[in-house]
Amino acid sequence: MTRASTLAVLTVLCGAAAARAQSVPQATEQYGFQFNGDALWRDEWTRDVFQGPNQERWRLQVRPRVEVGLKWLLLGVGAEFNHSEDENDEAPGGGTPALVRDNYRSRDTRLDLAFASLKPAEWLRIEGGRFPMPIAFTEMIWDRDIRPQGAAVHLGGGGSRFGVSALAARGSHAYEDDETEMLILSASLGSPPEARTKLELVASYLLFRETAALEPAIRRQNTRAAAGGPLALDYHVLDGVLRLRNEGVMPWQIAADVCFNTAADADRVGVWLALVLGSTRTARSRFEYTYAKVDKDATLAAYATDDFFWGTGWEGHRGDVGVRLYEGVALHAVGQLQRFKDSARAEERDHWLKRYRVELRVTY
């Protein structure tokens, strides 16, 4: 697939998004059916790589899904289609590369979602299968494109300001992690629904087990017992997120996230701070600034965001300016400045790498 053909696909999806925005799905109390999804076209340039060449690539991602509601039961299934200029799961000489920085396979078609969600009462929801992460982490902890594969129980909702969630998952990555398990317990406290400015607190404990099953290429910057070998440490992560947001004419949001790996003695803290002004859904434009400083063993790097060059062990800044072209379609310009602060090479720790992106994001 060429760059021109990827743009043709996005043009069709933009038209579908505009058409869908003008229609209202029909549903009854007994039954509801919805077809939706999202798509991304990205051009990316990475510059000033330490002792390495500059990098350029483009990517197309399309994720359609279908949801069917039957009173208190919701069923969903979705696919993920990726095509990119690079082949990120192959080394130049063949086989798996020593390090994969992405949480997706660049030329791949795979199951994205397959779940059932039960809500027998306003205060209780149970879901199982392969579903979107239901806990409001930042991307320091969990990449929004990764789907936990397991089961979750949520207590709260129905106007309640307090909620508790428990999640158990296994083998959730696009790369091999069939035996890796995660157990998560989370509690949230929020402002009353009628409050114009809302405060939300989310406290979570994440326990990762059987991490030796992670494919070596996605062990990334976490400390290893030996070069190329399994991880040397456990990852029992405490995470706290505070969000303050206003949903007025010009919406804004402030988010602060701190995590702490209780199983490590050093290099175990992560900080993620973000400011968002505006919206490409309810307003014309959106600006986001993110600052992060994440120690190399603060969390399990395999599941952290892949938008930054490193999973953990880095410090950096990101600016994102988005403009809504029409309903469901936005154009974004993204700039990042990052350094690998926990590199084993001292001369690399103060070397700043730059990454630029242009993205067309479509929701349909």
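Every value quoted in this text rests on a predicted model; they were computed, and no experiment measured them.
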Within the 6.0 Å centroid threshold, strictly below: Phe309 and Trp314: no

Value rounded to 0.5 Å, distance of CG in Leu233 from CG in Asp297: 5.0 Å

Check against side chain to side chain contact (heavy atoms under 4.5 Å, CB included), Leu155 and Leu124: CA-CA 5 Å; Leu155 304 177; Leu124 173 64; 3.6 Å; yes

Charged N-O contact under 4.0 Å between Lys354 and Asp48: yes

salt_bridge(Arg361, Asp38) N-O dist < 4.0 Å: no

Residue pair Pro64 / Phe81, side-chain heavy-atom distance below 4.5 Å: yes

Side chain to side chain contact (heavy atoms under 4.5 Å, CB included) evaluation trace for Leu73 with Val68: CA-CA 8 Å; Leu73 171 65; Val68 178; over 6 Å; no

Carboxylate-amine/guanidinium proximity below 4.0 Å for Asp89 and Arg105: yes

Donor-acceptor pair, side chain of Arg220 and main chain of Ala301, under 3.5 angstrom: yes

Flag, side chain of Gln221 to backbone of Gly311, donor-acceptor distance under 3.5 Å: yes

Test: Glu87 and Arg107 ion pair at under 4.0 Å: yes

Heavy-atom donor-acceptor pair, Asp342 side chain to Asp295 backbone, under 3.5 Å: no

Lys/Arg N to Asp/Glu carboxylate O, Glu127 vs Arg125, below 4.0 Å: yes

SB check Arg57 Asp102 (cutoff 4.0 Å): yes

Plane angle bin for His83 and Trp58 - parallel if under 30°, tilted between 30 and 60°, otherwise perpendicular: tilted

Phe287 side, atom CZ; Leu277 side, atom CG - distance, nearest 0.5 Å: 7.0 Å

Whether Arg243 side chain and Ala136 backbone form a donor-acceptor pair below 3.5 Å: yes

NZ/NE/NH1/NH2 to OD/OE distance under 4.0 Å, Arg357 and Asp307: yes

N-O pairing of Glu200 and Arg161 below 4.0 Å: no

Validation row: Leu242, Leu199 side chains within 4.5 angstrom (heavy atoms): yes

Carboxylate-amine/guanidinium proximity below 4.0 Å for Glu179 and Arg170: yes

Separation of Tyr175 OH from Asp177 CG (nearest 0.5 Å): 12.0 Å

Lys/Arg N to Asp/Glu carboxylate O, Asp306 vs Arg101, below 4.0 Å: no

Stepwise salt bridge (charged side-chain N to carboxylate O under 4.0 Å, His left out) check, Glu359 with Arg59: CA-CA 9 Å; Glu359 299 182 347; Arg59 177 191 178 196; over 6 Å; no

Side chain Asp320, main chain His332, donor-acceptor under 3.5 Å: no

Tyr104 backbone acceptor or donor facing Asn88 side chain under 3.5 Å: yes

Salt bridge Arg339-Glu315, side-chain N to carboxylate O under 4.0 Å: yes

Test log, rule side chain to side chain contact (heavy atoms under 4.5 Å, CB included), inputs Glu80 and Leu111: CA-CA 6 Å; Glu80 179 178 348; Leu111 182 70; over 6 Å; no

Test item: Leu214 and Tyr303 side chains (from C-beta on) under 4.5 Å apart, heavy atoms: yes

Contact check, side chains of Val202 and Ile135, non-hydrogen atoms, under 4.5 Å: yes

Side-chain donor or acceptor of Ser165 paired with backbone N/O of His154 under 3.5 Å: no

His351 and Phe340 aromatic centres sub-6.0 Å: no

CZ/Arg281: more than 12 non-hydrogen atoms of other groups inside 6.0 Å: no

Glu139 and Arg144 ion-paired at < 4.0 Å: yes

Arg196/Glu247 under salt bridge (charged side-chain N to carboxylate O under 4.0 Å, His left out): CA gap, chis, key distance, verdict: CA-CA 7 Å; Arg196 181 168 182 148; Glu247 299 173 346; over 6 Å; no

Minimum heavy-atom distance between Gly270 and Ala298, given as atom pair plus value: N-CB, 3.7 Å

Inter-residue atom distance Thr299.OG1 - Phe137.CZ, 0.5 Å rounding: 8.5 Å

Gap between atom CG of Asn222 and atom CG of Leu231 - 0.5 Å precision: 5.5 Å

Steps toward side chain to side chain contact (heavy atoms under 4.5 Å, CB included) verdict (Val241, Asp239): CA-CA 7 Å; Val241 183; Asp239 182 67; 3.4 Å; yes

Sidechain-backbone polar pair: His236 side chain, Asn261 backbone, donor-acceptor under 3.5 Å: no

Heavy-atom closest contact (Ala39 atom, Tyr364 atom, distance): N-CE2, 4.2 Å

Within 6.0 Å of CG in Asn54, more than 12 heavy atoms from elsewhere: yes

Atom pair CD (Glu67) and CZ (Phe115), whose distance is rounded to the nearest 0.5 Å: 4.5 Å

Shortest non-hydrogen contact between Trp252 and Leu244, atoms and distance: CZ3-O, 3.5 Å

Closest contact, heavy atoms only, Ala304 versus Asn103: O-ND2, 2.9 Å

Contact check, side chains of Ile141 and Leu206, non-hydrogen atoms, under 4.5 Å: yes

Ring centers of Trp45, Tyr356 separated by less than 6.0 Å: no

Ser172 side-chain N/O to Gln149 backbone N/O, donor-acceptor pair under 3.5 Å: yes

Sub-4.5 Å side-chain heavy-atom contact between Lys293 and Trp272: no

Taking every non-hydrogen atom, the tightest pair across Gly229 and Arg224: O-CD, 3.4 Å

Gln55 and Arg47, any side-chain heavy atoms less than 4.5 Å apart: no

Carboxylate-amine/guanidinium contact Arg349 Glu347, below 4.0 Å: no

Flag side-chain contact, heavy atom, 4.5 Å: Asn82 against Leu60: no

Arg324 backbone acceptor or donor facing Arg284 side chain under 3.5 Å: yes

Heavy-atom pair with the smallest gap, counting every atom of Leu183 and Ala168: CD2-CB, 3.6 Å

